[in-house]
Amino acid sequence: MRRLFPALALTLFCLCLQSLAARAFEIEDRIRLGAEGGAVLSILSTTDITAAEPLLRAFLEQRPDLAVDYIVASANSIHQAIAEERLAYDLVISSAMDLQIKLANDGFALSQPDAAEVAGLPHWAHWRDLVFGFALEPVVIVASASAFDPGHLPRTRRDLIDALREDPERFRGRIGTYDPAASGAGYLFATQDAGFGNAFWRLAEVMGRLDARLYCCSGDMIDDLATERLLVAYNVVGSYALVSSAKGSDLIIIPPEDFTLLLIRTALVPKTAARPDLGTAFLEFLLSPAGQASLKGTPGMTPVRDATADLPSSARTIRLDPGLLANLDRVRKSAFLVEWTAAMTQP
Amino acid sequence: MTDSPARNRPARLGSGRVALTGSLRRKLVLQFLAVAAVVAVALFFAVRVTADRAAEAAQDAVLGAATIALSEGLRAEEDGLDLDLPPTTFSMLSAMGEDRVFYRVTLGSDTVTGYGDLPLPATLPPGALPEFYDASYLDTPLRLAAVTRSMLVDGRQVTALAVLGQTRFGQRAIADSIARRAALLGVGFFLLAVPLSLWAARSILGPVGRVTEAVARRGPHDLRPVNQSVPRELGPLIGALNGFILRLRGALSRTETFIAEAAHHIRTPLSTVRTEAEIALRQTQEEPTRVRLRSVIRSVEESSRSAGQLLEHALVLYRTDRVDRSEFDLAAVVTALVEAFRPTAELRDIALALDLRAGEVPVIGDRLMIEAALRNLVDNAIKYSDADGTVDVGLTVADGSAQVTVSDRGRGLGGASLADLATRFRRGGNVTDVVGSGLGLTIVTEVAEASGGRFSLSPRDGGGTCAVFSLPLR
């Protein structure tokens with residue numbers, strides 16, 4: 001909102017584009033686990049299969065009578081699938097907190113009157129009895145081992161800006177971040193960053209000047225970091241980076257010390273669910289001690305039950321409440337994206 | 001309420017059946033409780049309604065402020081409209097009860113952003129002040145606020161309308177919690193009213209109980225007016241009661257006066273008849289006439305005696321009404337009495353023995369009445385003794401009372417009890433050959449009662465009767 005403001009016409013144009021995109025609910029990945037012929041719990045999620053599979057298997061150990069149909073899609077696709085196409089899924093798991101809140105606020109979530117009580121969640125980890133957070137994840141800067149001199153690692157956004165400005169040729173085309181226009185999580189991180197000060201816009205300008213590459217997902221950024229196509233990735237969901245470095249790739253994970261966003265992974269049972277009881281069962285499993293314990297197996301994920309345990313002191317948890325709706329406002333969103341595009345495409 | 005005074009006291013008084021129509025105390029308690037219940041319910045609703053209004057006003061204030069913030073975020077730019085929408089605008093609305101939030105911004109007739117089908121207010125609010133209204137959206141009742149703003153967009157003056165709506169889960173939660181407290185308050189008030197109304201009814205009806213107690217405690221001849229101090233409302237009742245007592249006393253007194261006068265009027269001509277008969281007896285020598293004359297004299301004696309006792313009885317009744325108590329020496333009275341009877345006894349060859357163990361025996365009572373009672377006792381003893389018999393009169397002091405014992409070796413009680421013999425005009429079944437009116441023991445019993453003493457009559461060991469008349473010592 002600093003430089004260019006969108007025209008009403010442009011807003012409407014964007015809306016048309018969005019509704020065209022709505023036709024394309026794309027399944028990115030899919031896995032089916034559990035008993036053949038049993039009742040099927042269908043889960044729509046943004047979490048990729050590698051991260052989710054241990055959790056699913058732990059659940060199926062408790063409920064061997066069930067089968068799970070686990071479908072991975074982007075946050076925007078998931079919102080369209082539920083809110084517009086009214087597809088029948090029993091549980092929606094997403095890292096895009098704003099879209100989850102919007103689903104619940106607009107009446108697409110089934111209320112779970114007992115779940116919050118049963119699980120005894122902290123107040124910040126759920127919104128009403130509709131949206132339940134089960135894990136916290138930091139949003140971090142990830143650098144490949146060769147990106148910076150040892151001992152000169154950037155510790156804040158300002159450090160990163162300075163490092164990029166000092167050696168533009170080294171980083172040109174080798175910086176990556178989310179494309180907020182394509183990724184729901186990316187848009188959420190960008191708007192939250194912007195809400196915490198001007199550092200974000202300055203960083204966006206610098207990244208734009210250095211021809212930053214835009215990604216749909218954290219996983220792709222990690223892959224490109226591993227192959228050294230990227231030197232630095234900004235706003236990467238912590239678990240992906242940590243999983244990858246646990247696998248042996250040589251990545252440096254930097255939680256920015258000025259502030260580190262904490263994302264709450266949330267789940268809700270959609271009103272369109274064919275078997276809402278199964279959705280609720282998995283939700284309860286996620287919040288149960290057993291489910292929370294198996295979440296601990298994923299590096300970078302902190303179960304909400306022992307939150308504040310091993311989080312950096314600069315952590316800022318994104319508030320799970322209708323305040324998130326403000327950034328989803330279409331006028332605001334298109335204004336934000338116009339400004340983002342302007343920052344990215346330097347003359 | 002089983003100890004209700006209205007129900008039990010009359011039965012204790014022994015005044016026969018009283019037709020009872022419910023209990024005043026129960027009625028009072030029930031009415032107090034009814035009032036308390038009405039007040040409690042009124043309290044509940046008053047608190048509830050006030051709390052609801054306060055909660056709604058508070059929520060409306062927040063909603064109004066947020067709506068104004070939303071409308072002020074609208075900015076006309078050179079190429080269109082921009083909306084500066086800080087997330088706290090919505091966070092704030094959701095803070096109290098995690099309410100759902102909906103909004104809509106229109107410019108002229110176009111919806112610029114937000115929920116395009118959110119209900120608009122019936123009329124456009126005129127000024128900068130928000131207009132509040134209720135509507136249903138997505139099957140959910142919503143509270144909405146709308147604010148208009150006049151803006152210059154693309155060189156044209158247009159009216160922008162900002163509408164913000166929220167569910168009222170938070171308000172309902174607060175209202176429910178206050179309602180629970182209000183209900184507790186009402187129930188508490190009512191529970192407190194139960195012992196209070198019991199206490200109030202008891203204290204209001206207390207004077208009635210006290211008057212009843214005072215009247216019930218009275219002796220059978222106590223016809224003094226009730227002089228208990230009572231509340232104003234009981235005044236007429238006590239007044240009426242006292243009037244009734246006065247009339248009763250008047251009637252009784254007239255009856256006794258009538259009897260006394262009648263006895264007196266009979267006695268005087270009787271003594272004339274007796275004197276005349278005695279003279280006639282002395283003058284005639286014819287045996288049949290003498291027999292008849294003796295029979296006349298005997299009957300006249302009997303009538304005269306009865307008239308005398310009627311007079312004495314009337315005196316006792318009269319004096320028990322206004323007891324004239326004074327202190328006197330009972331020993332002296334007994335001695336004088338025995339001396340007065342000695343000639344009569346000697347005439348029939350009966351010995352009168354007096355046994356005075358104590359010296360002076362001071363008692364308090366009506367001396368005339370007590371003399372009359374003792375006189376009747378000694379007279380009876382002499383009357384029913386055979387010639388050459390002995391009548392023992394004793395005076396002892398024991399256990400704070402003075403006891404006068406009169407015993408004879410006469411024919412005894414013949415199985416009759418004191419209660420029978422003390423009834424007016426009732427005589428024993430074995431005394432038809434002795435002159436008597438049947439009033440003597442009645443007089444003794446009444447005097448004993450009026451003086452606070454006791455009277456008993458029992459068969460004497462070895463034949464005869466023992467009468468014990470006791471008086472409290474001073």
Side-chain angles (χ1 to χ4, degrees), chain A residues 1-15 19 83 97-98 101-109 111 113 116 121 123-132 188 191-192 194-196 271 318-336 338-339, chain B residues 66 69-70 73-108 110-118 136-142 151 153-154 156 158 160 162 164-167 169-170 172-173:
Chain A
M1 262 142 292
R2 293 183 316 153
R3 302 180 312 177
L4 201 76
F5 290 91
L8 195 56
L10 182 58
T11 310
L12 292 171
F13 178 63
C14 285
L15 284 173
S19 59
M97 297 161 66
D98 47 1
I101 287 284
K102 187 160 171 60
L103 278 181
N105 188 69
D106 294 359
F108 293 107
S111 88
L121 281 181
H123 180 72
W124 50 263
H126 65 99
W127 186 63
R128 305 196 43 215
D129 51 0
L130 300 172
V131 184
F132 298 89
L188 174 65
T191 50
Q192 292 293 322
F196 278 113
K271 261 204 174 128
I318 300 172
R319 278 178 69 174
L320 187 67
D321 74 8
L324 293 170
L325 297 179
N327 289 323
L328 290 180
D329 179 77
R330 50 187 188 229
V331 172
R332 242 177 97 79
K333 184 166 185 174
S334 53
F336 188 90
V338 163
E339 192 161 0
Chain B
L70 175 66
L74 283 173
R75 302 222 178 106
E77 297 297 335
E78 50 204 43
D79 51 357
L81 196 69
D82 184 36
L83 178 62
D84 185 17
L85 184 58
T88 45
T89 309
F90 292 161
S91 290
M92 166 165 92
L93 286 182
S94 186
M96 196 146 85
E98 307 198 312
D99 281 302
R100 289 162 68 180
V101 177
F102 304 94
Y103 68 102
R104 180 179 179 180
V105 176
T106 64
L107 197 60
D110 300 326
T111 296
V112 180
T113 186
Y115 294 76
D117 46 355
L118 194 67
S136 180
Y137 179 63
L138 298 178
D139 301 326
T140 310
L142 287 191
M151 298 179 76
V153 179
D154 294 336
R156 281 186 305 123
V158 285
L164 193 51
Q166 65 174 150
T167 53
F169 300 121
R172 203 182 311 143

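Residue numbering restarts at 1 for every chain, and letters A, B, ... go by the order of the sequence lines. Just the heavy atoms: all of them, side chains too, but no hydrogens, waters or symmetry mates, feed the values below. Everything numeric here is computed off the predicted structure, so don't read it as measured data.
Scanning both residues, E98(B) and H126(A), for their nearest heavy atoms gives OE2-O, 3.8 Å.
Using a 4.5 Å cut-off between heavy atoms, N105(A) touches chain B through backbone and side chain atoms alike. Using a 4.5 Å cut-off between heavy atoms, T88(B) does not touch chain A at all. In this structure, chain B has a heavy atom under 4.5 Å from the side chain of D321(A), while its backbone stays farther away. With a threshold of 4.5 angstrom between heavy atoms, Y115(B) approaches chain A through side-chain atoms but not through N, CA, C or O.
Checking R128(A) against S111(A) by side-chain atom types alone, no donor-acceptor pair falls below 3.5 Å.
The residues R332(A) and D84(B) are annotated as salt-bridged, a charged nitrogen and a carboxylate oxygen being separated by less than 4.0 angstrom. No salt bridge links R156(B) with D154(B); every basic N to acidic carboxylate O contact stays at or beyond 4.0 Å.
By number of non-hydrogen pairs under 4.5 angstrom with chain B, the leading residue of L130(A), D106(A), I101(A) is D106(A).
Looking at residues two or more places apart in sequence or on another chain, you find no salt bridge (charged side-chain N to carboxylate O under 4.0 Å, His left out) involving D98(A).
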